[in-house]
Amino acid sequence: MKERMEDIQDLPGSQGTCTGVLHTDVVVIGNGPSGICLSYLLSGNWPYANNHPHPNPILESKLRENPERSILQQDLQYLSEGLEGRSNNPVALLMDSLCHPNADLGTDEPSCLQWNHHPARNIPHVVLGKGPPGGAWHNMDGSMLTVSLGNWMELPQMEFRQWAQHHRSERKRTCMRCGQAHCFSLPRSPHGGVNCARQDRAYMSDVAQYYSDYVKHMGLEKNFLVGSTVTSVRRLVVDCAFINQESGEQEASCQLHRPECCRMNMWEVQGILQVGDIEQPFCYHAPHVVMATGTTDIPNRIDLKGDSNNEVVVHDLREIEKAIANKELDEHSDPVMVIGAGLTAADAILCLRSCKVPVVHVFRRDVKDQGLIFRTLPDGLYPEYHKVYQMMKSKDGYPGYKSYPRHEVVEMRAGRKCVLKGPVRRCLIGRMMEGAEKVVNVSKILVLIGASPNLSFLGNNGMDLAVDSTKQVSCKKNPIDVDPYTFESAKARGLYAVGPLVGDNFVRFVKGGPLGIASHLVKTMMDSDSTKW
């Protein structure tokens, strides 16, 4: 591209310009799995019930009522009624049940969907993303394993297993834990650490590459604007008329006289496109905007009093790995304090212990807390995480590892001394006493207590769109408030949210959001122009 935006009509989704602005029907912010799946659906790829009977007799009966009609054209609320599973979104459960019937029972049954391509039913759209298609998956440690099974990571019409067999052939990967190369096809790495790969789980780097390849294989590249950062999303009061200075008469400012430009509901999406060393602005106008940004942009932080040494407190495991590679951390170092009780914290502990770096593990929950994710994972499929859980429960600790459940960090003192506060205790006379304080020497503090989405392109950082508009948007506690079947915001017409922003963290369930949005758009356009649809 040139330094100036002279070739603006060549950008994805462009349908002509109106005073230098690009017009399209849908702008998707985020090019992770949700954005990719939505692009596939909007490109005219529609799901239909195939000939495989669904194991759920009630759903099977519903699917046979209108077999000639696409799932997009049917009543999603009716189809998803009564379904249960690990997602709170009914359309996500429906799509998961159709793609992976009885998945929670451990069976591997064929999909109940077939996909038909309707080129004439393409809905013009653009998918915006900073990096390559796949989003945050490209920023993860590629040598780690996914929590979900490999086939749960796949998108429509491209089986992950078949892709992986071709992709993995004769290739080796350097393990970040031990520095040795291990063949993809091996079920375990020799040292038995975090790379103890069972063949039904996938490497992070495989998944990231799969999503990039998917966009190419499905011919979706023309819809993706890679290198784009969204800076502003706002609703417009559209008025395409202006006064001609010579005649004094009112004229349409849009030279194409497109009726779309005069829709009452219109959104403006502005941002910066990075092309090599050149930055250039872009601006889209669209009646529909989809937020598919995920929630890993801004790591959650702790309020740590005292010495605020930026070199000590970090929020990314890659910073620790860099310190290990630079010989700043080894088995003789003071412990690295890991704060958090999720899988990311467990990955960090596995990484540190495989390099013999001592660990102090601090978390607020009790080890018997039913909410700990380790309690929900089968130990046969996740042996490395159950090993960490076993270490967490040990009162005596393990060599090079010590856990502090029900503790929190309250202060950082000079000399890298960290003050921990224990749980409240009941004394002999029945009164409650403050928890005891402990001082621990540390070399680094790695805070892994989740992350928040970056919605800075919205007013008030998107809080006005959340279920509780007085609090920050949170995947678990305060998601975006949307209609459960269309995924349209309950507070802003034409604005949608999918994926982690509405509580679906696993790729297995994020396909439901794109289905709901595409169905809503198709039905809306059928109402306005039934001849095309």
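Owing to the predicted nature of the structure, the values given are computational and were not obtained by experimental measurement.
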Could you work out, with ring-ring contact (aromatic ring centres under 6.0 Å, His included) as the rule, every residue matching [X], not counting sequence neighbours?
{"X": "His407", "answer": "Tyr404"}
{"X": "Phe457", "answer": "none"}
{"X": "Tyr210", "answer": "Phe160, Trp163"}

Item to check | For Ser443, side-chain hydrogen bond (donor to acceptor under 3.5 Å, both in side chains) partners two or more places apart | outcome: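 For Ser443 there are no side-chain hydrogen bond (donor to acceptor under 3.5 Å, both in side chains) partners, ignoring immediate neighbours.
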
Checklist entry - What residues, two or more places apart in sequence or in another chain, satisfy side-chain hydrogen bond (donor to acceptor under 3.5 Å, both in side chains) together with Lys417? => result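 In terms of side-chain hydrogen bond (donor to acceptor under 3.5 Å, both in side chains), with neighbours along the sequence ignored, Lys417 is linked to Asn441.
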
Excluding sequence neighbours, so at least two apart, what forms side-chain contact (heavy atoms from CB on, under 4.5 Å) with [X]?
{"X": "Asn88", "answer": "none"}
{"X": "Arg364", "answer": "Glu408"}
{"X": "Asp366", "answer": "Lys368, Arg406"}

Quick one: list whatever passes salt bridge (charged side-chain N to carboxylate O under 4.0 Å, His left out) with [X], sequence neighbours left out.
{"X": "Lys130", "answer": "none"}
{"X": "Asp96", "answer": "Arg508"}
{"X": "Arg234", "answer": "Glu268"}
{"X": "Asp316", "answer": "Arg318"}

Checklist entry - Tyr389 vs His386 aromatic rings, parallel, tilted or perpendicular, using cut-offs 30° and 60°? => result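 Plane angle over 60°, so perpendicular.
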
Is a donor from one side chain sitting under 3.5 angstrom from an acceptor on the other, for [X] and [Y]?
{"X": "Asp468", "Y": "Thr470", "answer": "yes"}
{"X": "Gln270", "Y": "Tyr284", "answer": "no"}
{"X": "Ser333", "Y": "Asp330", "answer": "yes"}

Next on the checklist: Which heavy atom of Val91 sits nearest to which heavy atom of Pro484, and what is that distance?
Outcome noted: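 Smallest heavy-atom distance, with atoms named: CG2-O, 3.5 Å.
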
Item to check | Option passing side-chain contact (heavy atoms from CB on, under 4.5 Å) with Asn454 (candidates Thr293, Val230, Ile298) | outcome: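 Exactly one pass, corresponding to Ile298.
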
Checklist entry - Looking only at atom types and distance, does a side-chain atom of Lys222 sit under 3.5 Å from a main-chain N or O of Gly219, one as donor and one as acceptor? => result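 Checking the backbone N and O of Gly219 against the side chain of Lys222, a donor-acceptor pair under 3.5 Å is found.
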
